[in-house]
A.B. asks: 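Take a look at the following structure, please.
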Amino acid sequence: MFRADRLTERRKHHQLTQEQLALKVNLTKAAISNYEQGRSAPPHETLAALVDALHTNADYLLDLTDEPDPKGAMDRKRSTAEHRDHEAGVYIAYLGGPPEEMDEEEAEHLKRELEMFRAFKEKRRKEREAGNE
C-alpha cells in the first residue's frame, strides 16, 4: 500500500516544495498534494518518476521496506543472501554487485518494478518524440 507520509518525508528530506517536486515529475502541485494527503495513490509511471526524483525506492514508498535508500536496501539484501546456504532458485545480478539469490515472490516483485520502469521509459521516449515534432 502506498505510504503518503513517506512521500512527504522524502520530499522534505530533499528540501523540495510540493511545487518543485511536481515540476521534477511533470505533475501539478495539486497531484502531489493529493498523494501526500492520501486522497489518491500515484499510478506506476508516476511512482517510478517519484522514486527517481526522490532518490529512493518503490519498496519504501509502498511500505515493503523501512530502508529509504535504494543502495542501502540492496546492500542489506546482498548481505543477508551471502549468509544463507545457496539452493537452486532465481538469481539476479545487481549493477555493481554479485549475483544474488531471490525467492519467487521477490522475483515477481522485481518483474513488476521492471515493467513499471519500462513503461516510464517508453512514456518519456514518446514525450520526447512529440516534443521534436
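Throughout, residue positions are numbered sequentially from 1 according to the sequence presented.
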A.B. asks: Looking at OG1 of Thr8 and CG of Leu16, how far apart are the two atoms once the value is rounded to the nearest 0.5 Å?
C.D. replies: 12.0 Å

A.B. asks: How many angstroms lie between OG1 in Thr46 and OH in Tyr35, if you round to the nearest 0.5 Å?
C.D. replies: 4.5 Å

A.B. asks: In this structure, are over 12 heavy atoms from other groups packed under 6.0 Å from Gln20 atom CD?
C.D. replies: yes

A.B. asks: Between the side chains of Glu115 and Arg118, is the shortest nitrogen-to-carboxylate-oxygen separation below 4.0 Å, so that they form an ion pair?
C.D. replies: no

A.B. asks: How long is the span from the CG atom in Asp69 to the CZ atom in Arg10, to the nearest 0.5 Å?
C.D. replies: 7.5 Å

A.B. asks: Pick from Thr56, Leu61, Asn57: which one makes a side-chain contact (heavy atoms from CB on, under 4.5 Å) with Asp59?
C.D. replies: Asn57

A.B. asks: What pair of heavy atoms forms the shortest contact from Tyr60 to Glu9, and how long is it?
C.D. replies: OH-OE1, 2.8 Å

A.B. asks: Apply salt bridge (Lys or Arg N to Asp or Glu O under 4.0 Å) to Asp63 and list each qualifying residue two or more places apart in sequence or on a separate chain.
C.D. replies: Arg3, Arg6

A.B. asks: Closest heavy-atom contact between Gly38 and Ala4?
C.D. replies: N-CB, 3.8 Å

A.B. asks: Give the minimum heavy-atom separation between Leu47 and Phe2, together with the two atoms involved.
C.D. replies: CD1-CE1, 4.2 Å

A.B. asks: For Gln37, which residues count as a side chain to side chain contact (heavy atoms under 4.5 Å, CB included) partner, sequence neighbours excluded?
C.D. replies: Ser33, Arg39

A.B. asks: Do any side-chain atoms of residues 22-31 form donor-acceptor pairs under 3.5 angstrom with protein atoms, and if so which ones, sequence neighbours left out?
C.D. replies:
unit_1, atom_1, unit_2, atom_2, d
Thr28, OG1, Ala31, N, 3.0

A.B. asks: Verify the neighbour count for atom CZ of Phe120: are there more than 12 heavy atoms of other residues, nucleotides or ligands below 6.0 Å?
C.D. replies: yes

A.B. asks: Which residues pass the salt bridge (Lys or Arg N to Asp or Glu O under 4.0 Å) test with Arg11, sequence neighbours left out?
C.D. replies: Glu36

A.B. asks: My understanding is that only residues two or more places apart in sequence, or in another chain, count here; which of them pass ring-ring contact (aromatic ring centres under 6.0 Å, His included) with His55?
C.D. replies: His14

A.B. asks: Quick one: list whatever passes salt bridge (Lys or Arg N to Asp or Glu O under 4.0 Å) with Glu113, sequence neighbours left out.
C.D. replies: none

